[in-house]
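No hydrogens, no waters, no symmetry mates; every other heavy atom, side chains included, goes into these values. First the proteins, then the strands, lettered A, B, ... as listed; each starts at 1.
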Amino acid sequence: MRSAVVVFPASNCDRDMMVALEKLTGRPPLKVWHGDANFPEVDLIALPGGFSFGDYLRAGAMAARSPVMREVIARAKKGVAVMGICNGFQVLTEAGLLPGALMRNAALKFVCRDVHLKVEESQSAFTNRYAQGQVIRIPVAHHDGNYFADADTLDRLENEGQVVFRYCDEAGNASMDANPNGSQRNIAGILNERGNVLGMMPHPERLIEPALGGSDGRGFFESLVEALH
Amino acid sequence: MNKHVKITPEIVAEHGLTAEEYERVKRALGREPNITELGIFSVMWSEHCSYKSSRVWLKKLPTKAPWVIQGPGENAGVIDIGDGLAAIFKMESHNHPSFIEPYQGAATGVGGILRDVFTMGARPIANLNALRFGSPDHPKTRHLVSGVVAGIGGYGNCVGVPTIAGECTFHASYNGNILVNAMTVGLAPTDKIFYSAAAGVGNPVVYVGSKTGRDGIHGATMASAEFSDDSEEKRPTVQVGDPFTEKLLIEACLELMASDAIVAIQDMGAAGLTSSSVEMASKGGVGIELVLDHVPQRETHMTAYEMMLSESQERMLMVLKPGSEAKAEAIFKKWDLDFAVIGRITDSGHLVLRHQGAVVADIPLGPLADDAPVYERPWEPTPPPAEVRAADMPAPASLGAALTTLLGTPDLCSKRWIWEQYDHMVMGDTVIRPGGDAALVRVHGTKKGLAVTTDCTPRYCEADPRAGGAQAVAETWRNITATGATPLAITDCMNFGNPQRPRIMGQFAACIEGMAEACRALDYPVVSGNVSLYNETNGKGVQPTPAIGGVGLLADIDKRATIDLKDDGHVLALVGETQGHLGASLYLREIAGREEGAPPSVDLTAERRNGDFVRQAILQGKIKACHDVADGGVLVAVAEMALAGKRGATLKAAPAGIPAHAYFFGEDQARYVLEIAPADLPALEASATAAGVPFAVIGESGGQALTIGSEPPISLGELRHTHESWLPSYMGAA
């Protein structure tokens, strides 16, 4: 599986993503600079976490207009797998590849902690190694992760199996207490209609070995290898 | 500021110079200075930049060890951690600006210390902090906590360096003068460390980073004066941080450092362009000439005075090898950063500034830096406090009730509300997260880990500065030891009141002596540091606070120990001697409402012996959990282990001869609580005895409650609620 990690000015989870991809796909990813719209064909494009362009204006807004994003949008439309983690998710909504928006956390504070996620859709390229309904533990670290979309959009996402991850408690209940940022319907990650573009606020690349506190993020990368090898 | 300003005694005083110092300026120049020159002398001779009151005492600190590559005097200290890698670290204060404008003050404190570290070629891998706020009842405290925490997070999270450890306590002495100390640890190859001494006559002097504006003019002078009620008026001297630019600056500098273009590099911190150019040239024994017209400027019509004194953030000064300008410029342009050749290295031994075709300053470097004033200020010792006898101290209604109260006090409560606002996992190497003794960050791509911590107990330092200074060093050493790592070196941040008062100077001197003694006994030298004096408001000083940042090395992170209890039915053992010392303890302050007594004595021989025993046992894999005993004593330590491990413990009653509250809440030093599998107990007990280490079985892990002797069990749920809820509910009530 060939992958690429896009680096915007002040991306800061690019290295973490590259380490995880190399370790779990067995092949070092390409590093693609935001100004570079001509990069080789790959099977997966990853938009990493961070504070692209300092989160100035709106998180993800300026990165979504980078030269590289024109190419990412074009390839996504052709069916290439694209994933955005944290700031990458914000970029994907700003670029129009995913519906909705990520607003300031309801508590108005940055939040970094492990959360539990329920795998709501295990048939996707990103989740096929998890069981349907499985509860996994993955960290979040963001200031603007409060997912918002209008009720019709939310209904459509739910009905079409596009809600992939939902914040929940250890037992799998999607309670308000388990929601770290006020997201509508506890939504933590979504797919586009075609199923090749995923955005999520939690960071699977941060929990891929016991020394870091857990390995629940591995399944995410193993799913990609399974789907895109 | 007009360059033709006539220098009057009032202007001299406004620049924080005494009449005597002004005479010294005139002698150095052989004439009257112009206003630009006066401004330059003023910042270079400020307490903040010159260390004029502290320098004679700082020399007493041990700074050498075989693993020390660079001690104090550079941007940060450097130690060898093996395999061709060095850890580079320093702690610095940003107290005054943070009180005036907490968000920006704290944020730029983080930015400044990051620059001190990456300036030396290191990629920053961990941020820490040590915070002191006023009484929770004080009307400003909530606002300050909220702003400082948000500022530290806002900056560190954006640059993508994890904030993994710190401390935060409250005391009324900080009501008008909080302490915000920030520390950064970085990693660099030992053969790629960059220093600040300029060299090579004719070499280009290059400015990179953000443009220069009028912000922060006289910040260093402000940091060298006491506060009064009108401190709010100093808000314009606080700089504004831009972590986005800092992140780009880190990447651009590290990219350039990978090539062979840099002769010397220095960040523009306090006193900006002035201190960076003066320090680089004076360290290199050369001269420097700058053409200020070439300085990238954010505002129009800036004068030489304003450019030289601006503390605009995210700027660096470098001396490049001739001919490498184009290569360097390409890198900075790629990162959208300003790049300008603004001068040359000369052999004049002078700082010469040109602006608009004229020489606007010409100062010999010696008097600005090495020959700046140094004062041996008069000092008087702190009178020894009366001993407090444990037997005379009131016993609590029940041990359980006292424990519950203590765990919910501002100093002992969980600081989760703070550290969850910091990204403590970015970079993917955080092995021990915040909330334990020391945090552990993996050396990327290896099995090694750096254990890092900050600590200080100001109430001890106030009661007995010498013991307090030694204790602060010893406690960081113990924090690191409790993870299994070997403590290697410290950085310090000396926060004190007005040094012109002999009592304050006496506190400073005694703290230094105590620290020096502990550093020597523990082979744990000081490699960098910072002094912040004049932490007073309206004539009242803060508690003396020599905050210590410690760094240790663990060869294999899989051997680490953490504080959480791992299993039921394990033995809990207490290492170290327990006398039940309650003087200056948290129990005395929080339960008995008394701030008095001498702090616990620090026996450095026992400290070393007990710590070496614990570390060895951890590395042998015989310790399931380990926690050092500090504020609140043994019972608090066990409770913290239980809460972290989500399992309870049963403790034996206090031994005969010591009042139960003194045994459980006394703060005797050099102690650790260990969790041990029963099968490992006999061998460990035997080796403790052989090493002369006091070792006592005090209880057993298991259950969902904490039970002490025949007292009714205290449910962990209740303890957790008290421990976790104080800070969020205090802050939520804003």
Okay, Val159(B) and chain A: the region with an atom under 4.5 Å from a heavy atom over there is backbone
Turns out that what part of Arg433(B) lies under 4.5 Å from chain A's heavy atoms comes down to side chain
Pair count under 4.5 Å, heavy atoms only, with chain B: among Ile208(A), Asp14(A), Asp114(A), highest is Asp114(A)
Surrounding NZ of Lys31(A) (heavy atoms of other residues, nucleotides or ligands, distance under 6.0 Å), is the total greater than 12?
no
Does NZ belonging to Lys566(B) count more than 12 external heavy atoms closer than 6.0 Å?
yes
What I'd like to find out is whether the side chain of [X] reaches to under 4.5 Å of the side chain of [Y], using heavy atoms alone.
X         : Y         : answer
Pro243(B) : Phe51(A)  : no
Val426(B) : Cys13(A)  : yes
Leu207(A) : Met425(B) : no

| task | Determine, for Asp429(B) against Arg206(A), whether the closest basic-nitrogen to carboxylate-oxygen distance falls under 4.0 angstrom. | result | no
Ordered numerically, the heavy-atom neighbours of chain A under 4.5 Å found in residues 329-338 of chain B are Lys334(B), Trp335(B)
What distance separates [X] [atom1] from [Y] [atom2], expressed to the nearest 0.5 Å?
X         : Y         : atom1 : atom2 : value
Arg113(A) : Gln421(B) : CZ    : CD    : 10.5 Å
Asp423(B) : His203(A) : CG    : NE2   : 6.5 Å
Glu420(B) : Cys112(A) : CD    : SG    : 7.5 Å

Where do [X] and [Y] come nearest, in terms of heavy atoms and distance?
X         : Y         : value
Ile557(B) : Ala211(A) : CD1-CB, 3.9 Å
Gly54(A)  : Cys158(B) : CA-SG, 4.4 Å
Met427(B) : Arg15(A)  : O-NH2, 3.0 Å

If one checks every heavy atom of Tyr56(A) against chain B at 4.5 Å, the contacting part turns out to be side chain
Applying a strict 4.5 Å limit to non-hydrogen atoms, the region of Glu209(A) in contact with chain B is side chain
For Asn157(B), does its backbone N or O pair with a side-chain atom of Asn12(A) as donor and acceptor, under 3.5 Å?
yes
request  = May I have the step-by-step check of side chain to side chain contact (heavy atoms under 4.5 Å, CB included) for Phe110(A) and Val149(B), ending in yes or no?
outcome  = CA-CA 10 Å; Phe110(A) 189 95; Val149(B) 171; over 6 Å; no
